[in-house]
Amino acid sequence: MADVVFPGLSTDDPAAEGVVATWFVADGATVVEGQLIAEVAVDKVDAEVVAPSGGTVRILVGEGEAARQGSVIGTVG
């Protein structure tokens with residue numbers, strides 16, 4: 001199982017919180033490695049999140065919910 005991690009976007013505060021803006025896949029969906037699965041935002045900076053491996057997605061942090069940079073927002077396995 002591979003963790004889907006909220007990327008570090010803020011260099012000023014690496015522990016800053018951001019928001020999971022959009023999940024492009026549903027919980028339980030099957031994805032392939034490198035597939036675009038989510039978009040996150042910190043301080044008006046958006047970033048795409050891709051699947052770290054192929055498998056079934058488990059969403060741990062929902063759309064619109066806050067998460068710290070570097071934290072696990074889902075898993076693929």
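Because the structure is predicted, anything quoted here is derived from the model rather than measured. Residue indices begin at 1 and follow the sequence shown.
Interatomic distance, CZ of Arg68 versus CD of Glu17, reported as 5.0 Å (0.5 Å rounding).
When every heavy atom of Ala67 is checked against every heavy atom of Phe6, the shortest pair comes out as CB-CD1, 3.9 Å. Across every non-hydrogen atom of Val76 and Pro52, the tightest pair is CG2-CD, 4.0 Å.
Side chain of Glu63 to backbone of Trp23: a donor-acceptor contact under 3.5 angstrom is found.
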Applying side chain to side chain contact (heavy atoms under 4.5 Å, CB included), run through Thr75 and Asp3 and close with a yes or a no. CA-CA 4 Å; Thr75 61; Asp3 291 337; 3.9 Å; yes
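Every residue meeting the side-chain contact (heavy atoms from CB on, under 4.5 Å) condition with Ala47, not counting sequence neighbours, appears here in chain and number order: Pro7, Leu9, Val40.
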May I have the list of side-chain donor-acceptor pairs in residues 24-38 shorter than 3.5 Å, sequence neighbours left out?
{"from": "Asp27", "atom 1": "OD1", "to": "Ile59", "atom 2": "N", "distance (Å)": "2.7"}
{"from": "Gln35", "atom 1": "OE1", "to": "Val32", "atom 2": "N", "distance (Å)": "3.1"}

